[in-house]
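Everything below concerns the one structure shown next.
The structure presented is a predicted model; accordingly, all values stated were derived computationally and were not measured.
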Amino acid sequence: MFKKPIEAKALQRLSGADRKKLRRTTKERFPLASDADIDALLPLKAEITVAKLPNRVHIYGVEGGLPLLFDVDGRGNDIFPTVYALWIVPELLPAFVLKAGEVSRFVIGGADLMFPGISIPSEGFPSFLAGQPWAVKVPGNAAPFAVGTTMMSSADALKAGLRGKALRVLHYYRDFLWELAEGRYIPNGGFLEDIVIEDSALYTTSQTSDAPGDILNDALDTVIDKNEQLLDIPVVHVEEDTDSLHGDSKNDDLGEMAADMTKLNVSVSVSAEEQNEVKGHVAQSNEIDALLDKCLLQALHTTVKDKDLPLSGSILWSNHVLACRPAGITLDIKRSSHKKLSKWLQSKSSAGLISAKEDKHKKDIILLSVNRAHPDYISFKPEKRVTEFVDQKPDSSAADAQQTRSQLEVVEIYKSSAHVNLIFTSVGSDTGKYYTAPEATDVVFRYIEKENLTNPMNKAVVVLDATLCDALFKGTIKKGVMYPTEIQKKDLGATFLNRMQAFHKVSRDSEVAVRKGSIRPIQIMAERRQGNKKVTRVSGVEYFLMDAESLASELQKKFACSTSVSELPGKKGQYEVVVQGGVIDDLAKHLVDYYGVPKRYIEVLDKTRK
């Protein structure tokens with residue numbers, strides 16, 4: 001974000017109300033920060049300035065001081081601390097610790113942080129969600145040198161085998177945002193004083209021959225002796241004013257500073273063992289090929305059913321093959337001899353195990369059928385998978401974290417109608433029961449299997465008998481038009497569901513409601529009133545078992561504004577919450593984060609934007 005030189009197009013002071021809002025937003029954004037930490041960053045009596053960049057980024061800092069916070073979109077939603085702020089309050093953000101200092105040279109070069117480069121603490125992998133701000137540290141040094149936002153949650157990372165991008169790095173040591181302050185270092189509780197960070201690869205000092213300077217030099221020599229090969233990470237050049245160093249108290253301060261500096265861990269050349277640990281244990285291509293074949297056969301025996309075919313190759317890989325890999329093993333098709341998923345599946349098709357073809361329009365390979373009489377399929381004995389406790393631990397912790405808020409579950413369900421009653425009774429299913437989409441489609445596929453309606457020449461096509469044809473198309477075909485005699489398997493499920501009665505079930509904690517039809521989304525609308533004042537209206541919260549009065553009271557405290565509740569005209573039992581102010585984005589985020597409402601069920605309309 002700050003790899004290129006930046007120049008502010010505007011610089012202004014914040015008003016008193018904006019300073020209070022910035023402090024409140026910072027406190028909410030960084031829950032680990034105490035009131036004293038906020039005061040250290042944004043003093044109550046100090047003038048706060050904001051520099052507005054052409055790319056909409058806002059940079060906040062004390063007037064005449066260091067840049068301390070930056071807002072990536074200029075709306076106050078994504079505020080991050082600078083490296084200087086993290087040096088003042090190191091515990092402001094949770095931090096990833098690198099496995100080895102060697103990784104730091106890539107981060108301060110502008111690269112994002114990858115999971116293989118992160119050191120996993122003894123207490124276990126930390127829990128986090130996607131989009132959260134995190135810092136980066138090197139081993140043995142409490143001062144963070146980069147900050148960014150997480151790319152995925154800890155649960156998703158563990159499912160992916162701790163591979164891929166962990167942190168999108170937004171700001172790091174020695175980028176152009178850091179250079180705005182010309183390398184000035186603010187001490188943390190007397191940790192270091194008057195330090196100017198330069199590009200020098202050595203620690204040097206310029207001082208008179210006083211005893212305190214000798215103490216500092218001894219400490220610096222110790223650091224250099226321990227780090228014979230230095231990397232391009234923060235190093236310091238200390239300039240001392242001998243007139244200010246006198247008395248026993250100064251000697252004690254420098255002694256403490258020297259002891260702290262000996263603890264600084266400057267990254268050194270990484271040993272072969274550490275490099276192997278970062279890269280992981282990579283199996284040979286023939287071993288990967290054997291593991292791929294084993295996982296495919298396991299999936300074909302256990303999870304891939306004939307009724308699911310044809311099946312996209314990407315879905316086969318993500319939902320079936322990867323799910324059958326041994327616990328703790330990372331499966332990467334690029335490390336095999338095939339290199340690509342399409343080539344691997346085509347090789348299996350050539351061997352006769354499966355039938356697959358490439359879809360040039362979708363640029364994907366399609367699994368058409370499985371040869372369950374193939375010798376490899378018959379000789380393979382599927383294993384019974386046992387989930388390890390280590391894999392379950394992060395999920396349980398994630399579940400505990402979810403218990404801090406109301407549990408919301410929205411499920412689309414279906415009920416048999418007069419059109420499809422004969423299909424249900426033919427297979428012995430209850431016509432008065434509610435079914436989920438997979439359960440309902442399973443009914444029609446059971447009927448097809450019972451009546452043997454699959455086209456023997458093309459497994460992807462179903463031949464329609466009179467009962468199934470009436471269930472799917474009676475009343476929808478215009479007069480004089482012939483009824484279809486076949487249907488593609490991929491279209492059968494959706495067509496069958498459209499002929500059933502649609503319902504939806506909403507459950508929050510112990511409260512459950514089942515309503516007919518599709519669920520209506522929550523509508524959030526911002527508009528201007530007389531006097532150019534903004535208001536935000538919210539309606540439809542009762543569909544998600546939320547109380548409008550309680551929500552209004554909560555929003556009043558959260559946004560420090562007045563709220564009101566009124567019944568919608570002509571809609572008994574439906575209410576609208578009116579919030580004074582344009583808080584449309586923050587309100588939608590609040591409903592997602594604290595009430596668990598899925599984003600697809602929230603409609604946002606901003607009439608204030610031109």
Side-chain angles (χ1 to χ4, degrees), residues 25 28-29 31 56 71-80 127-134 148-157 159-160 164-165 168 315 318-319 395 398-399 401-413 436-438 502-509 511-513 515 517-527 534-548 550-552 554-555 558-559 574-579 581-609:
T25 304
E28 294 175 355
R29 179 70 170 167
R56 297 185 180 180
D71 184 358
V72 296
D73 60 359
R75 299 179 181 176
N77 298 326
D78 294 319
I79 293 181
F80 295 85
S127 177
F128 53 86
L129 300 175
Q132 288 185 337
W134 275 65
T149 178
T150 52
M151 300 291 287
M152 65 177 73
S153 65
S154 55
D156 293 338
K159 290 178 182 178
K165 289 185 179 181
R168 180 193 172 204
I315 295 178
S318 59
N319 293 357
D395 294 335
Q402 294 293 328
Q403 291 178 359
T404 58
R405 68 184 185 189
S406 299
Q407 295 288 330
L408 177 69
E409 184 181 6
V410 181
V411 181
E412 294 180 351
I413 54 179
T436 62
F503 290 80
H504 65 273
K505 182 176 71 172
V506 182
S507 57
R508 183 184 296 278
D509 297 333
E511 189 177 359
V512 179
R515 301 185 181 94
S518 301
I519 189 169
R520 298 179 183 178
I522 294 177
Q523 295 181 340
I524 306 177
M525 180 178 65
E527 60 183 6
K534 295 181 181 180
V535 295
T536 305
R537 300 177 179 274
V538 189
S539 60
V541 296
E542 58 274 351
Y543 296 122
F544 296 86
L545 304 181
M546 298 162 56
D547 182 62
S550 301
L551 178 63
E554 183 179 337
L555 297 179
K558 180 175 179 61
F559 299 121
Q574 299 183 27
Y575 297 90
E576 180 184 62
V577 179
V578 180
V579 182
V583 294
I584 186 169
D585 294 330
D586 294 333
L587 180 51
K589 187 175 184 298
H590 181 72
L591 294 177
V592 173
D593 293 343
Y594 292 94
Y595 285 95
V597 180
K599 290 182 180 180
R600 64 181 182 275
Y601 295 127
I602 299 179
E603 290 183 355
V604 176
L605 177 61
D606 192 350
K607 293 185 177 180
T608 63
R609 296 180 181 177

Output yes when a side-chain donor or acceptor of Thr149 lies under 3.5 Å from a complementary backbone atom of Arg168, and no otherwise. no
Can you name the side chain to side chain donor-acceptor pair (under 3.5 Å) partners of Asp547, sequence neighbours left out? Ser550
Are more than 12 heavy atoms, taken from residues, nucleotides or ligands other than Glu412, located less than 6.0 Å from that residue's CD atom? no
Least distance between heavy atoms, Gly148 atom then Phe80 atom: O-CE2, 3.7 Å
Where do Met546 and Val597 land on the side chain to side chain contact (heavy atoms under 4.5 Å, CB included) test, with the steps shown first? CA-CA 10 Å; Met546 298 162 56; Val597 180; 4.2 Å; yes
In Å, rounded to the nearest 0.5 Å, how long is the span from CD1 of Ile524 to OG1 of Thr536? 8.5 Å
For Tyr575, enumerate each residue passing the side chain to side chain contact (heavy atoms under 4.5 Å, CB included) test, keeping only those at least two apart in sequence or located in another chain. Ala548, Val565, Glu567
Side chain to side chain donor-acceptor pair (under 3.5 Å) with Asp606: which residues, sequence neighbours excluded? Thr608, Arg609
Nearest heavy atoms of Arg75 and Asp585, plus distance in Å: NH1-OD2, 3.7 Å
By salt bridge (Lys or Arg N to Asp or Glu O under 4.0 Å), which residues pair with Lys165, not counting sequence neighbours? Asp112
Quick one: pull up CG in Leu591 and CG in Leu408 and give me the separation to the nearest 0.5 Å. 10.5 Å
Derivation and outcome, side chain to side chain contact (heavy atoms under 4.5 Å, CB included), residues Thr150 and Leu129: CA-CA 7 Å; Thr150 52; Leu129 300 175; 5.9 Å; no
What is the distance from atom CD of Gln132 to atom CZ of Arg29, rounded to the nearest 0.5 Å? 8.5 Å
Rounded to the nearest 0.5 Å, how far does CD of Glu542 lie from CG of Leu551? 10.5 Å
d(Glu554 CD, Phe559 CZ) to nearest 0.5 Å is 9.0 Å
Those residues that, when tested against Glu409, pass side chain to side chain donor-acceptor pair (under 3.5 Å) (two or more places apart): none
Counterpart residues, side chain to side chain donor-acceptor pair (under 3.5 Å), relative to Arg515 (two or more places apart): none
Taking all non-hydrogen atoms of both residues, which atom of Glu603 and which atom of Pro521 are closest, and how far apart? OE2-CG, 3.3 Å
What is the distance from atom CG of Leu555 to atom CG of Asp586, rounded to the nearest 0.5 Å? 10.5 Å
For Asp71, enumerate each residue passing the salt bridge (Lys or Arg N to Asp or Glu O under 4.0 Å) test, keeping only those at least two apart in sequence or located in another chain. none
Which residues pass the side chain to side chain contact (heavy atoms under 4.5 Å, CB included) test with Thr25, sequence neighbours left out? Lys21, Ile79
By ring-ring contact (aromatic ring centres under 6.0 Å, His included), His590 pairs with (sequence neighbours left out) Tyr594, Tyr595
Can a donor-acceptor pair be found, under 3.5 Å and without considering hydrogens, that links the side chain of Arg508 to the backbone of Phe544? yes
State, to 0.1 Å, how close Ser127 and Ser154 come at their nearest heavy-atom pair, and which atoms those are. CA-OG, 3.5 Å
Nearest heavy-atom contact between Val577 and Ala552 is CG1-CB, 3.8 Å
Counterpart residues, ring-ring contact (aromatic ring centres under 6.0 Å, His included), relative to Phe503 (two or more places apart): Tyr434
Exercise: identify the closest heavy-atom pair between Tyr543 and Gln574: OH-NE2, 3.1 Å
Report yes if some heavy atom in the side chain of Lys505 is under 4.5 Å from a heavy atom in the side chain of Val512; otherwise report no. yes
For Lys589, all residues meeting salt bridge (Lys or Arg N to Asp or Glu O under 4.0 Å), sequence neighbours excluded: Asp593
Can you list everything that forms a salt bridge (Lys or Arg N to Asp or Glu O under 4.0 Å) with Glu527? Sequence neighbours excluded, please. Arg537
Okay, side chain of Ser153, backbone of Ala130: is any donor-acceptor separation there less than 3.5 Å? no
